[in-house]
Amino acid sequence: MKVQDIELPVLRMPYPVRLNPYLPLLRKETETWARETGMLAGDEAQPARPIWTRSQFHAMAVDQLTAWTLPDASLVALRLNHRFNLWALAWDDYFASAFKQTGDLAGAQAFTARLHAFLPPEPGVRLPEPANAVEKAMADLQQHLFPPGLAHWRQGLNRALARYVDAGIQELVNSRAGRVPDLIEYAQFRRESFAAYTAPYSVELATGARIPERIRHSRTVAALLDAFMDYMGLANDIASYQREVHDEYDVNNLVVVLETSLGLTVQEAMRAAADLVTARLSHFDHLIRNELPPLVRRAGLDQDERSELEVWLRGARSFLSGLHAWYTGAPRDAAGSGTN
């Protein structure tokens with residue numbers, strides 16, 4: 001696979017990809033919510049310009065992404081995660097067309113400030129009247145994202161979403177100034193700009209399992225989550241290099257960061273990026289195999305807690321293998337509509 005004269009590496013993925021059996025049902029209803037919220041052009045007049053045409057919408061294969069990343073989810077959980085994925089990609093495409101392509105920093109800041117009002121930390125907060133499809137979709141999601149058994153989600157998930165939309169502002173600032181992020185700062189920043197901090201919540205919703213509280217805040221689990229999240233955005237930077245760098249002239253890409261920070265050629269930087277992505281996945285696997293078991297023993301987790309942890313880890317592995325399958329098999333980047 002080549003992008004101009006740059007050879008894209010084949011990224012390692014040791015976990016098998018599995019498909020959620022509810023994909024056919026998800027595919028049948030996949031347009032409905034996007035039309036209702038104004039993301040997708042409908043037969044009737046929309047209150048504002050939609051984000052996608054029907055052909056663009058189906059080229060993204062978001063239903064396939066959801067079914068690959070969450071193979072064990074119930075239909076209810078799959079549907080909710082699917083809507084969440086659609087919202088994240090809608091925000092990305094809307095922000096890119098409205099602000100990144102125009103360089104409208106003031107407009108982006110006003111849009112983002114308003115969006116924060118749709119991410120309340122507490123239930124029962126009255127939301128503003130939505131002014132566009134992104135706000136309307138998030139207002140709808142806020143009514144459904146926090147089922148009773150996951151009440152602890154609200155503050156953490158909405159905080160992760162706030163970091164995601166705020167990162168868009170920093171990406172725009174970097175691009176306007178031609179400022180390539182520093183290598184050390186970029187990994188942390190990419191977790192925010194890819195919405196990776198929301199991924200553990202998606203795994204939790206899909207599997208019904210949590211990382212047990214007694215080890216949740218340990219150094220080992222923190223490192224595990226960092227490696228889990230790093231694979232997502234950094235692998236995406238390789239898969240979407242052509243669109244981001246050559247088509248959109250974006251500087252917020254791991255290959256560009258490595259090229260600039262280390263003085264590498266583009267091809268060398270591409271290989272170094274692949275090595276870094278592989279290293280993060282290997283570290284994720286190392287922590288599960290070698291550091292998590294003694295932590296579980298020291299913490300004295302009972303059988304129920306150990307079983308719940310195993311279910312969550314299985315879901316996390318599936319999430320990564322599903323993303324890898326989407327990066328390498330789905331047409332979103334090839335179709336010219338970018339991932340986050």
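All residue numbers in this chain count up from 1 along the given sequence.
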[X] side chain vs [Y] backbone, donor-acceptor pair below 3.5 Å:
X: Arg216; Y: Ile211; answer: yes
X: Asn20; Y: Ala73; answer: yes
X: Arg214; Y: Gly300; answer: yes
X: Arg306; Y: Leu301; answer: yes
X: Gln170; Y: Ala167; answer: no
X: Ser261; Y: Leu258; answer: no
X: Glu268; Y: Thr265; answer: yes
X: Asn158; Y: Pro120; answer: yes
X: His144; Y: Leu80; answer: no
X: Asp237; Y: Asn253; answer: no

Quick one: [atom1] on [X] to [atom2] on [Y], what's the gap to the nearest 0.5 Å?
X: Gln64; Y: Trp326; atom1: CD; atom2: CH2; value: 11.0 Å
X: Arg219; Y: Asp226; atom1: CZ; atom2: CG; value: 10.5 Å
X: Leu86; Y: Thr30; atom1: CG; atom2: OG1; value: 5.5 Å
X: Asn252; Y: Glu244; atom1: CG; atom2: CD; value: 8.0 Å
X: Gln142; Y: Leu119; atom1: CD; atom2: CG; value: 6.0 Å
X: Phe99; Y: Arg176; atom1: CZ; atom2: CZ; value: 12.5 Å

Side-chain heavy-atom pair [X], [Y] within 4.5 angstrom cut-off:
X: Arg12; Y: Pro14; result: yes
X: Ser318; Y: Thr69; result: no
X: Leu281; Y: Thr278; result: no

Start with the C-alpha gap between Ser218 and Thr220, add the side-chain angles, then the distance that decides, and say whether side chain to side chain donor-acceptor pair (under 3.5 Å) holds. CA-CA 5 Å; Ser218 66; Thr220 297; 4.9 Å; no
Using 30° and 60° as the class boundaries, would you call the ring planes of Tyr15 and Phe284 parallel, tilted or perpendicular?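 Perpendicular: the ring planes of Tyr15 and Phe284 meet at over 60°.
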Quick check: is [Y] connected to [X] through a chain of hydrophobic side chains (ILVMFWY, heavy atoms under 4.5 Å apart)?
X: Tyr201; Y: Val311; value: no
X: Val76; Y: Phe84; value: no
X: Val173; Y: Leu115; value: yes
X: Leu161; Y: Val125; value: no
X: Val62; Y: Trp33; value: yes

When you look at Arg190 and Asn236, which way does the side chain to side chain donor-acceptor pair (under 3.5 Å) test go after all the steps? CA-CA 10 Å; Arg190 192 63 177 120; Asn236 176 263; 3.0 Å; yes
Results of salt bridge (charged side-chain N to carboxylate O under 4.0 Å, His left out) for Asp230 - residues two or more places apart only: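 Per chain and number, Asp230 pairs via salt bridge (charged side-chain N to carboxylate O under 4.0 Å, His left out) with Arg191, Arg280.
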Would Trp68 and Phe319 count as a close aromatic pair, with their ring centres under 6.0 Å?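 Centroid separation for Trp68 and Phe319: 6.0 Å or greater.
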Do Phe111 and Tyr94 make the cut of ring centroids closer than 6.0 angstrom?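 When the ring centroids of Phe111 and Tyr94 are compared, they turn out to be within the sub-6.0 Å range.
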Looking at every non-hydrogen atom in both residues, tell me the closest pair between [X] and [Y] and how far apart they are.
X: Val257; Y: Pro181; result: CG1-O, 3.6 Å
X: Ala235; Y: Leu11; result: CB-CD1, 3.8 Å
X: Met232; Y: Phe194; result: CB-CE2, 3.3 Å
X: Leu70; Y: Ala206; result: CD2-CB, 3.5 Å

Could you check whether [X] pairs with [Y] (Lys NZ or Arg NE/NH1/NH2 to Asp/Glu carboxylate O, under 4.0 Å)?
X: Arg54; Y: Glu31; value: yes
X: Glu7; Y: Arg271; value: no
X: Arg314; Y: Asp72; value: yes

Decide side chain to side chain donor-acceptor pair (under 3.5 Å) for Thr66 and Asn81; before the verdict, give the C-alpha distance in whole Å, the side-chain angles of both, and the deciding distance to 0.1 Å. CA-CA 7 Å; Thr66 309; Asn81 270 293; over 6 Å; no
Cut-off 3.5 Å, side chains only: do Ser307 and Glu310 have a donor facing an acceptor?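 Their side chains do not contain a donor-acceptor pair, so the 3.5 Å distance test is not met.
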Pair listing, salt bridge (Lys or Arg N to Asp or Glu O under 4.0 Å) test, anchored in residues 180-189, at least two apart: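 Matches after skipping sequence neighbours: Arg179-Glu185.
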